[in-house]
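Below is one structure, written out as structure tokens; the observations come after it.
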Amino acid sequence: MPLIDGTQRERQGILATADLMLLAARTAPKSGGRDDILTALVTPPETEALAEEIKVVAAERNDLAWHKPLPILEVAAAVVLIGVRGTKSYVCNCGACSYPSCADFSAAAKRAGRDYDGPNCIFKVMDLGVALGSAVKTAG
């Protein structure tokens with residue numbers, strides 16, 4: 001029986017799991033069936049560049065919380081990124097975005113925040129939560 005390098009197989013397993021996480025996020029239920037989820041997979045050496053960018057953000061903000069993921073990122077075989085186009089409207093006039101209608105929300109100037117643009121449609125934010133939950137369950 002041949003000896004199979006466990007490290008290589010573990011990396012393949014990590015990448016296979018990451019692919020399934022991306023798929024789970026994509027196929028998770030979405031408000032009105034409108035898919036505005038964004039996904040990406042980051043692998044070395046780009047994970048190192050991501051860690052460097054987080055170091056810059058941590059220094060700019062003087063916030064120790066940004067330092068917590070750094071030891072993990074520096075050795076990660078893969079990083080799954082999941083986001084949403086939150087500035088798009090679901091079109092139900094719920095008012096959760098603080099605008100009286102989705103037309104007003106859509107016409108409002110989009111503002112760049114520190115970490116994301118706004119305002120955001122609550123349905124798109126909920127879609128992100130469902131997509132994240134689906135991906136995390138798959139990872140588990």
Side-chain angles (χ1 to χ4, degrees):
M1 179 182 292
L3 179 63
I4 299 174
D5 178 18
T7 303
Q8 182 182 17
R9 298 297 297 174
E10 290 164 10
R11 178 170 167 66
Q12 290 174 344
I14 289 168
L15 293 175
T17 301
D19 286 342
L20 291 173
M21 291 172 70
L22 296 173
L23 182 61
R26 175 68 54 224
T27 59
K30 314 288 189 310
S31 301
R34 297 184 188 116
D35 186 2
D36 288 310
I37 294 296
L38 305 165
T39 62
L41 178 62
V42 183
T43 58
E46 286 77 17
T47 51
E48 296 157 13
L50 180 59
E52 289 302 316
E53 184 64 26
I54 290 175
K55 286 178 187 175
V56 169
V57 171
E60 287 174 355
R61 297 183 186 186
N62 194 27
D63 187 345
L64 294 176
W66 284 88
H67 289 282
K68 289 182 180 181
L70 292 174
I72 297 167
L73 280 176
E74 290 169 352
V75 298
V79 176
V80 172
L81 301 176
I82 303 172
V84 69
R85 292 180 189 95
T87 58
K88 291 182 77 175
S89 172
Y90 173 65
V91 190
C92 70
N93 298 320
C94 71
C97 62
S98 80
Y99 290 92
S101 71
C102 291
D104 293 327
F105 168 83
S106 295
K110 305 308 180 215
R111 299 175 302 278
R114 283 174 71 172
D115 298 316
Y116 58 91
D117 295 343
N120 282 270
C121 173
I122 192 67
F123 285 94
K124 298 302 176 183
V125 174
M126 289 188 300
D127 287 350
L128 175 60
V130 172
L132 290 170
S134 294
V136 169
K137 186 206 178 293
T138 298

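We use all heavy atoms of the structure for the numbers below, so side chains are in, but hydrogens, waters and symmetry mates are not.
- In this structure, N62 places its CG atom where only 12 or fewer heavy-atom neighbours from other residues, nucleotides or ligands lie under 6.0 Å away.
- Rounding to the nearest 0.5 angstrom, the gap separating the NZ atom in K137 from the CG atom in L132 is 15.5 Å.
- Considering all non-hydrogen atoms of both residues, A25 and K30 come closest at O-NZ, 3.1 Å.
- Rounding to the nearest 0.5 Å places CZ of F123 at 16.0 Å from NZ of K88.
- One side chain, Q12 or R9, offers a donor N or O that lies under 3.5 Å from an acceptor on the other.
- Both Y90 and I122 belong to a single network of hydrophobic side chains, linked directly or stepwise wherever heavy atoms of I, L, V, M, F, W or Y lie under 4.5 Å apart.
- Rounding to the nearest 0.5 Å gives a distance of 5.5 Å between OG of S101 and CG of N93.
- Closest of all the heavy-atom pairs between A76 and T47 is O-OG1, 3.9 Å.
- Distance CG/N120 to OG/S98: 11.0 Å, rounded to 0.5 Å.
- In the hydrophobic clustering of ILVMFWY residues, with side-chain heavy atoms under 4.5 Å counting as a link, W66 and V42 come out together.
- The CG atom of L73 sits 13.0 Å away from the CD atom of E46 when rounded to the nearest 0.5 Å.
- Under a hydrophobic-cluster definition in which Ile, Leu, Val, Met, Phe, Trp and Tyr are linked whenever side-chain heavy atoms come within less than 4.5 Å, directly or via other members, L81 and I54 are assigned to the same cluster.
- Both L70 and V57 belong to a common hydrophobic cluster when Ile, Leu, Val, Met, Phe, Trp and Tyr are linked at side-chain heavy-atom distances under 4.5 angstrom.
- The residues D35 and R26 are annotated as salt-bridged, a charged nitrogen and a carboxylate oxygen being separated by less than 4.0 angstrom.
- In this structure, D5 CG and R11 CZ are separated by 12.5 Å, a value rounded to the nearest 0.5 Å.
- Under a hydrophobic-cluster definition in which Ile, Leu, Val, Met, Phe, Trp and Tyr are linked whenever side-chain heavy atoms come within less than 4.5 Å, directly or via other members, L22 and V84 are assigned to the same cluster.
- Across every non-hydrogen atom of R34 and D127, the tightest pair is O-OD2, 4.1 Å.
- Of all heavy-atom pairs between I37 and R85, the closest is O-NH1, 4.3 Å.
- Contact annotation: the side chain of R111 approaches that of P119 to within less than 4.5 Å [non-hydrogen atoms, C-beta and beyond].
- At most 12 heavy atoms of other shown residues, nucleotides or ligands fall within 6.0 angstrom of atom NZ in K68.
- Considering all non-hydrogen atoms of both residues, A78 and L41 come closest at CB-CD1, 3.8 Å.
- Across G86 and K124, no two heavy atoms sit closer than the pair CA-CB, 3.8 Å.
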